[in-house]
Amino acid sequence: AQSVTQPDIHITVSEGASLELRCNYSYGATPYLFWYVQSPGQGLQLLLKYFSGDTLVQGIKGFEAEFKRSQSSFNLRKPSVHWSDAAEYFCAVGANAGGTSYGKLTFGQGTILTVHP
Amino acid sequence: KAGVTQTPRYLIKTRGQQVTLSCSPISGHRSVSWYQQTPGQGLQFLFEYFSETQRNKGNFPGRFSGRQFSNSRSEMNVSTLELGDSALYLCASSLGAGGGYTFGSGTRLTVV
């Protein structure tokens, strides 16, 4: 069964500081990996996704993530955080094509990001 | 292009009633998935439909059901509502061929 762990429930950073949100996954083969962001009361917005190829993935809003198979990790990074980045961030794993769980995303518990001015 | 549209945005129902939520996917997307989000359990997968067929189902009781129409629009139904069904219900659509999943803004269901 697939699973995702986000070890940090809450992270606080200062505006302009760098950010790294951690994500570890469990999946039997090469997974599809996603990072989503959610503002209060809103749906999920896709930041970036990894399916195959280059392990460093660029996303929207200046975010990037690196897939490390040996560590089963897909950490999200941003070099300089803006106050508008304050939100909740979710890492998710999905089965690749043909897997029995195809079409299903398994989410981590989320990391709440607070940005201090 | 238009995103994923979920209606209604907010809903208040009484325990024991039933409710139907609607999701219109992005044009051309054939896969529609439903998720329940609560503070205690987080985001949990309900089911996924592709070309009118349920392809995958999460671990929810039979009171939760869904369907997909020929135009890919989907509905989910919850019968005999319980207080614990209060949640944000999110719908996501995808091309279905390993593409990304685009989420709607959700329907906030409150059961009183």
Side-chain angles (χ1 to χ4, degrees), chain A residues 1-10 23 27 29-53 57-60 63 65 74 87-112, chain B residues 3-7 9-10 21 23 25-26 29-51 53-60 66 68 72 74 87-110:
Chain A
Q2 56 202 52
S3 66
V4 177
T5 301
Q6 293 180 246
D8 304 305
I9 296 173
H10 196 168
C23 172
Y27 185 70
T30 300
Y32 290 160
L33 294 162
F34 307 82
W35 274 100
Y36 285 89
V37 61
Q38 185 179 38
S39 296
Q42 298 300 310
L44 301 172
Q45 182 183 23
L46 179 66
L47 288 175
L48 47 77
K49 60 183 182 285
Y50 171 79
F51 284 170
S52 64
V57 180
Q58 301 297 320
I60 63 171
F63 286 94
F74 188 57
E88 189 162 15
Y89 291 79
F90 293 92
C91 180
V93 61
N96 53 30
T100 56
S101 297
Y102 187 63
K104 167 187 175 183
L105 292 182
T106 299
F107 287 87
Q109 286 297 102
T111 298
I112 297 171
Chain B
V4 178
T5 303
Q6 291 188 247
T7 56
R9 283 298 310 275
Y10 302 92
L21 311 182
C23 173
I26 290 173
H29 284 195
R30 297 163 65 190
S31 167
V32 174
S33 304
W34 289 88
Y35 294 82
Q36 181 196 65
Q37 186 177 26
T38 59
Q41 298 300 315
L43 281 153
Q44 294 186 286
F45 171 78
L46 281 156
F47 28 65
E48 187 237 1
Y49 287 87
F50 182 83
S51 294
T53 300
Q54 187 181 88
R55 188 162 61 175
N56 220 326
K57 189 177 189 303
N59 190 25
F60 277 82
Q68 187 179 33
S72 293
S74 177
L88 180 66
Y89 289 88
L90 293 164
C91 163
S93 77
S94 167
L95 283 169
Y101 299 83
T102 302
F103 281 80
S105 297
T107 294
R108 171 73 63 185
L109 172 65
T110 302

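So you know, we letter chains A, B, ... as the sequences are listed, proteins then strands, and number each from 1.
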Residue selection (most heavy-atom pairs with chain A, distance under 4.5 Å) from B:Gln37, B:Lys57, B:Arg108: B:Gln37
Part of A:Gln38 within contact of chain B (heavy atom distance under 4.5 Å): side chain
Surrounding CD1 of A:Ile9 (heavy atoms of other residues, nucleotides or ligands, distance under 6.0 Å), is the total greater than 12? no
Between B:Tyr35 and A:Leu44, is there a side-chain heavy-atom distance shorter than 4.5 Å? no
Quick one: pull up OH in A:Tyr36 and CZ in B:Phe103 and give me the separation to the nearest 0.5 Å. 5.0 Å
Going from CZ on B:Phe45 to OG1 on A:Thr106, what distance comes out if it is rounded to the nearest 0.5 angstrom? 8.5 Å
Segment of B:Gln41 engaging chain A (4.5 angstrom heavy-atom cut-off): backbone
